[in-house]
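So the structure is just underneath, and the comments pick up after that.
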Protein chains: 2
Amino acid sequence: MDTKTLCLAVLSRGPASGYEIKKTLEQPPYCLFQDTGFGSIYPALQRLNEDGAVATTDCTPTRRPAKRIHALTDEGRSRLLEALSQAPSPDRLRSDFLFTLLHGDLLPPDLVLEMIDARIAELEAKLSQVEACEPRADSPCAVFLHGLGRTHYGGCLDYLRRNRSKLARDLNAASAPSSKRAAE
Amino acid sequence: MDTKTLCLAVLSRGPASGYEIKKTLEQPPYCLFQDTGFGSIYPALQRLNEDGAVATTDCTPTRRPAKRIHALTDEGRSRLLEALSQAPSPDRLRSDFLFTLLHGDLLPPDLVLEMIDARIAELEAKLSQVEACEPRADSPCAVFLHGLGRTHYGGCLDYLRRNRSKLARDLNAASAPSSKRAAE
DNA sequence: CCGATATATATCAGATCGATATAATATTCG
DNA sequence: CGAATATTATATCGATCTGATATATATCGG
């Protein structure tokens, strides 16, 4: 999904400013599977306004730090529906953590274990964030997604906690093979 | 990780051409947590060569479709180690599937269920791809990562298979409330 | 009242993405 | 054999995205 569709989706819940859209995207559930900055949002809103997909109202007189409220038009609503109906393109994950772990043999064992501990802490935070955000019971999709998120984070966390000590043993055995050699 | 680091990491296994680097990144384990196109790889290799991080040899005479082999230098190796030692920046996931699912209430129930079925098929393919790629037993990190991948895909797959029918029921109940109204 | 933080918009250089161009070799199949 | 197709291989380009930065006011606690 490009930034324009992201904006349309947030605006489908009600009119908002660019800043408010960004804040919404930073929180669950959106923050769990997308990410966008102001540098993408403002140009996208400008384009959507030019295309007639949103109606932009300037609130400069009342509000001091000039604020632009964007509201979905019928054109915008049908655009959103069209985008959502497309077959979703494959997930795109960029994980420095997993990439580093793959090359962990090049690094000091302690550093690798530190990174895993940090990741465990992050996942705990994410999981409690997801659990704190109860889905609306009247939306079957939101409930389904909520369960999927809990399963995902819970599963990864469980694996890391269970296998950390084994990895620590294996790494130390590999990096200090003197004891092994002595045992042979 | 930027594309330059990605290239250095692949080259740490041995010299390769840009095309070969792309092919390596397209397969497990790399393809599971990154993605890059030629449009990023070729400029990155050019820059790395200029910076002295890789040594580029032109194989035009022997090979007919001109081929450039890039080999890691000491400078490149130390750059890679330095990049891997940094605290990894947070994961970045962009999932059209999860995004669409979140807004599934706007779509026809059948379309949502179709997308879930397609996702199940994709995850099955990914999982068997991961399982087919046995990690080197002498690399504790690779073994650890392999287990993590299986846990992740297996867990998500399991959730989707178990909860699909409940979602189907809930969606139909919500979209066709006539029976419900009749029951009241 | 001052400083820190939150609200709010905007821009810009650099990186990335996806498509496309080009071209020789290798393979497949009637 | 020869034609069609796939694979190997490099390169570029516009559109988009990223991350940082600039700017200005409002608000809240000390």
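Proteins get letters first, then strands, A, B, ... in listed order; numbering begins at 1 in each. Computed from a predicted model, the values in this text were never measured in an experiment.
Between the CG atom of L48(B) and the C1' atom of dA15(C) there is a distance of 14 Å, rounded to whole Å. As rounded to whole Å, 12 Å separates atom P of dC12(C) from atom CD of Q46(A). Atom pair N49(B):CG and dT10(D):C1' shows a separation of 15 Å (rounding to whole Å applied). Atoms NZ (K67(B)) and P (dT22(C)) sit 24 Å apart, rounded to a whole Å. Between the CD1 atom of I21(A) and the P atom of dA10(C) there is a distance of 12 Å, given to the nearest Å. Computed from coordinates, the K22(A) NZ to dC17(D) P distance equals 14 Å when rounded to whole Å. Distance L25(A) CG to dA8(C) C1': 16 Å, rounded to the nearest Å. Here dT7(C) presents its C1' atom at 9 Å from NZ of K23(A), a figure rounded to the nearest Å.
Side chain of D96(B) to backbone of M1(A): a donor-acceptor contact under 3.5 angstrom is found.
Taking a 4.0 Å limit (strictly below) on heavy-atom distances, residues 32-45 of chain B reaches DNA chain D at F38(B), G39(B), Y42(B).
Each end of the helix from dC1(C)-dG30(D) to dG30(C)-dC1(D) gets its own rotation axis from five pairs of C1' atoms, and the angle between them is 40° to the nearest 10 degrees.
For the OP1/OP2 pair of dC17(D) and a distance below 4.0 Å, the side-chain nitrogens and oxygens of R92(B) include no atom meeting the criterion. The shortest distance between the side-chain N/O atoms of S17(B) and the OP1/OP2 oxygens of dT10(D) is below 4.0 Å. For dA15(D), the OP1/OP2 oxygens have no side-chain nitrogen or oxygen of R47(A) closer than 4.0 Å. Residue Y19(A) has a polar side-chain atom (N or O) positioned under 4.0 Å from OP1 or OP2 of dT7(C).
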- Decide side-chain contact (heavy atoms from CB on, under 4.5 Å) for F99(A) and L145(B); before the verdict, give the C-alpha distance in whole Å, the side-chain angles of both, and the deciding distance to 0.1 Å. CA-CA 10 Å; F99(A) 180 80; L145(B) 199 56; over 6 Å; no
Side-chain polar contacts of residues 123-133 of chain B - donor-acceptor pairs under 3.5 angstrom, sequence neighbours left out - could you list them?
unit_1	atom_1	unit_2	atom_2	d
E124(B)	OE2	R161(B)	NH1	2.6
S128(B)	OG	E124(B)	O	3.3
S128(B)	OG	A125(B)	O	3.0

Pairs under 3.5 angstrom only: tabulate donor-acceptor contacts from the side chains of residues 10-21 of chain B to other protein residues two or more places apart or in another chain.
unit_1	atom_1	unit_2	atom_2	d
S12(B)	OG	A9(B)	O	2.6
S17(B)	OG	E20(B)	N	3.1
S17(B)	OG	E20(B)	OE1	3.4
E20(B)	OE1	S17(B)	N	2.8
E20(B)	OE2	K67(B)	NZ	3.0

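Y159(A) and H152(A) have their aromatic ring centers separated by at least 6.0 angstrom. Within the 6.0 Å centre-distance limit, the rings of H103(B) and Y30(A) are counted as a close aromatic pair.
Remark: D74(B) engages no residue in a side-chain hydrogen bond (donor to acceptor under 3.5 Å, both in side chains) (not counting sequence neighbours).
A distance of 12.0 Å separates CG in L32(B) from CG in D91(A), rounded to the nearest 0.5 Å.
Every pair passing salt bridge (charged side-chain N to carboxylate O under 4.0 Å, His left out) that includes a residue from residues 25-53 of chain A is listed here, sequence neighbours excluded: K22(A)-E26(A), K23(A)-E26(A), D35(A)-R92(B), D51(A)-R79(A).
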